[in-house]
Amino acid sequence: MLAPRRFLPSLSHLQAFEAAARTGSVTAAARELNLTQSAVSRQIKALEEQLEVELFHRERQTIRLTPGGEAYARDIRDALKKIGTASLNLRANPLGGTLNLAILPTFGTRWLAPRLPSFLNASPGITLNLMTRLTVFDFALEPLDAAIHHGLGRWPGAETVLLREEYVVPACSPALKAQHGFATAGDLRAAPLLHLTTRPDAWERWLRVHNAPAEHVQGMLFDQFATVAQVARAGLGVALLPTFLIEEELKAGQLVRALDLPDGGEMKNAEAYYLAWPAERGDHPPLRAFREWILAEMTADSSEAR
């Protein structure tokens with residue numbers, strides 16, 4: 001439900017207030033907005049009168065946000081950002097076919113990016129904007145239509161659909177494998193184990209699944225799969241990596257499965273990859289098209305893997 005008109009100030013008043021709040025100066029706000037100081041002051045005063053709330057403490061030639069003004073500035077800044085993003089999206093695609101999608105960095109570069117031309121060719125009216133995210137965020141605070149999520153399929157205030165399950169395997173350089181001659185899961189502990197900060201207990205879980213000691217597991221920490229894969233390629237340790245994200249390195253022999261077991265030491269993760277979106281955006285045409293496309297791609301990809 002829209003707010004009553006008296007609670008919808010003019011955009012110029014809000015821009016003047018936000019600029020003054022951010023810079024802490026009417027003079028700086030006026031310079032940024034290409035207005036006079038008196039014009040900015042009048043707009044802020046008009047906003048206060050409309051809201052019937054004091055937004056700044058005025059002390060001689062300085063201004064200082066009131067507690068209410070500080071909270072209001074944060075909300076207004078987010079709102080203005082959303083308006084600006086929406087305007088840019090509309091200008092880029094006047095037909096309204098824009099999809100703002102958050103992606104996981106390695107998933108985006110390794111799996112999604114090479115396949116995007118087929119989606120864009122099949123959906124010529126859609127503009128796709130990609131933003132990388134590593135953690136769950138609030139859709140209400142970010143101007144996004146959907147996100148690729150790795151986890152348990154739960155996202156507050158969102159709907160999700162399973163894209164694919166994940167299997168991880170211990171991988172290392174051929175030289176490191178030859179050096180250590182790993183024969184059992186426990187043997188891997190003789191080499192440095194590489195860890196991801198987003199999955200701090202992954203090695204402990206893998207070792208327990210394979211009946212190996214899982215206490216006091218240490219090693220270098222990394223925040224992205226792409227980095228840990230490069231370090232493993234360089235022979236600095238063994239990494240637990242999703243098989244579908246290192247297919248090229250395995251084929252090229254840059255990485256090898258550390259163990260010569262029938263399944264290579266694979267472990268199915270409890271977490272999986274999901275497409276998540278705000279419930280109210282479920283019928284957004286570009287999102288609907290992308291959802292159908294990526295599910296079909298995932299199905300085809302799984303069939304090829306088998």
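Quick caveat, the model's predicted, so the values are computed rather than measured.
Summarising the geometry, atom CD belonging to E165 is positioned 10.5 Å from atom CG belonging to N269; distances are rounded to the nearest 0.5 Å. To the nearest 0.5 Å, atom CD1 of residue I44 and atom CD of residue Q15 are 12.0 Å apart. Remark: R288 CZ to W277 CH2 distance equals 12.0 Å, nearest 0.5 Å. With rounding to the nearest 0.5 angstrom, the CG atom of L207 is 11.5 Å from the CG atom of D201. Atoms NE2 and NZ, on H13 and K45 in that order, are 13.0 Å from each other to the nearest 0.5 Å. Distance check: L101 CG to L116 CG gives 8.5 Å after rounding to the nearest 0.5 Å.
Using modelled atom types, one side-chain atom of T160 and one backbone atom of G153 make a donor-acceptor pair closer than 3.5 Å. Under the 3.5 Å distance criterion, the side-chain polar atoms of W203 are left unmatched by any main-chain donor or acceptor of A239. With hydrogens and angles ignored, the 3.5 Å screen pairs no side-chain donor or acceptor of K177 with any backbone N or O of C172. Between the side chain of T66 and the main chain of L55, a donor-acceptor pair closer than 3.5 Å is present. Without hydrogens or angle criteria, D78 side chain to D75 main chain gives no donor-acceptor distance under 3.5 Å. Remark: side-chain polar atoms of W293 are not paired, donor with acceptor, to backbone N or O of S118 under 3.5 angstrom. In this structure, the side chain of R133 does not engage the main chain of A147 through any donor-acceptor pair within 3.5 Å. Remark: the backbone N or O of W206 is paired with a side-chain donor or acceptor of H210 at under 3.5 angstrom. N100 places no side-chain N or O within 3.5 Å of a backbone atom of D145 that could act as its donor or acceptor partner.
Using a 4.5 Å heavy-atom threshold, the side chains of R199 and L240 count as separate. The shortest side-chain heavy-atom distance between L295 and L163 falls under the 4.5 Å cut-off. Using a 4.5 Å cut-off on side-chain heavy atoms (C-beta onward), Y72 and L51 make contact. Considering only heavy atoms from C-beta on, K251 stays 4.5 Å or farther from E248 through its side chain. Side-chain contact between M298 and W111 is present, with heavy atoms from C-beta onward closer than 4.5 Å. L275 places none of its side-chain heavy atoms less than 4.5 Å from the side chain of H149. Considering only heavy atoms from C-beta on, Y274 stays 4.5 Å or farther from V161 through its side chain. Using a 4.5 Å cut-off on side-chain heavy atoms (C-beta onward), L261 and F182 make no contact.
Taking hydrophobic clusters as Ile, Leu, Val, Met, Phe, Trp and Tyr residues chained together by side-chain heavy-atom distances below 4.5 Å, V168 does not share a cluster with L250. Residues I148 and L241 do not share a hydrophobic cluster, clusters being chains of Ile/Leu/Val/Met/Phe/Trp/Tyr side chains in contact below 4.5 Å. Grouping the Ile, Leu, Val, Met, Phe, Trp and Tyr side chains by contacts below 4.5 angstrom, directly or via other members, places L188 apart from L236. Clustering ILVMFWY residues whenever any of their side-chain heavy atoms sit less than 4.5 angstrom apart, transitively, puts L33 in the very cluster that holds I63. Grouping the Ile, Leu, Val, Met, Phe, Trp and Tyr side chains by contacts below 4.5 angstrom, directly or via other members, places M267 apart from V228.
Within a 6.0 Å sphere centred on CG of N121, other residues, nucleotides and ligands contribute more than 12 heavy atoms. Atom CD of E280 sits in a crowded spot, with more than 12 heavy atoms from other residues, nucleotides or ligands closer than 6.0 Å. For K82, the NZ atom counts as densely surrounded, since its 6.0 Å shell holds more than 12 non-hydrogen atoms of other residues, nucleotides or ligands. Counting non-hydrogen atoms of neighbouring residues, nucleotides and ligands closer than 6.0 angstrom, the CG atom of D283 reaches no more than 12 such neighbours.
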* To do: Output, in order, the C-alpha distance, side-chain angles, deciding distance and verdict of side chain to side chain contact (heavy atoms under 4.5 Å, CB included) for E32 and R22.
  => CA-CA 11 Å; E32 179 180 307; R22 176 167 36 80; 2.7 Å; yes

* Asked: Step by step, would you call S25 with T23 a side-chain hydrogen bond (donor to acceptor under 3.5 Å, both in side chains)?
  -> CA-CA 5 Å; S25 165; T23 62; 5.1 Å; no

* **CA sep, side-chain torsions, deciding dist, call: E249, R110, salt bridge (Lys or Arg N to Asp or Glu O under 4.0 Å)** => CA-CA 11 Å; E249 285 87 348; R110 294 291 186 97; 2.9 Å; yes

* Asked: What's the verdict on ring-ring contact (aromatic ring centres under 6.0 Å, His included) for F225 and F107, showing C-alpha distance, side-chain angles and the deciding distance?
  -> CA-CA 9 Å; F225 274 117; F107 178 91; over 10 Å; no

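Side-chain polar atoms of T106 and Q224 form no donor-acceptor pair below 3.5 angstrom.
Between L80 and L14, the shortest heavy-atom distance links the atoms CD1-O, 4.2 Å. The shortest heavy-atom contact between E204 and V217 is OE2-CB, 3.8 Å. Closest approach of A276 and F139 over heavy atoms only: O-CZ, 3.7 Å. Smallest separation of non-hydrogen atoms from Q43 and S12: OE1-O, 3.3 Å. Shown here for A29 and A16, the closest heavy-atom pair between the two residues is CB-O, 4.4 Å. Minimum interatomic distance between A171 and I246 (heavy atoms only, all atoms of both residues): CB-CD1, 4.1 Å.
Of the options R164, E166, H150, a side-chain hydrogen bond (donor to acceptor under 3.5 Å, both in side chains) to Y273 is made by E166 and by none of the others.
Aromatic ring pairs are classed by plane angle as parallel below 30°, tilted from 30° to 60° and perpendicular above 60°; the pair F290 and F119 is perpendicular.
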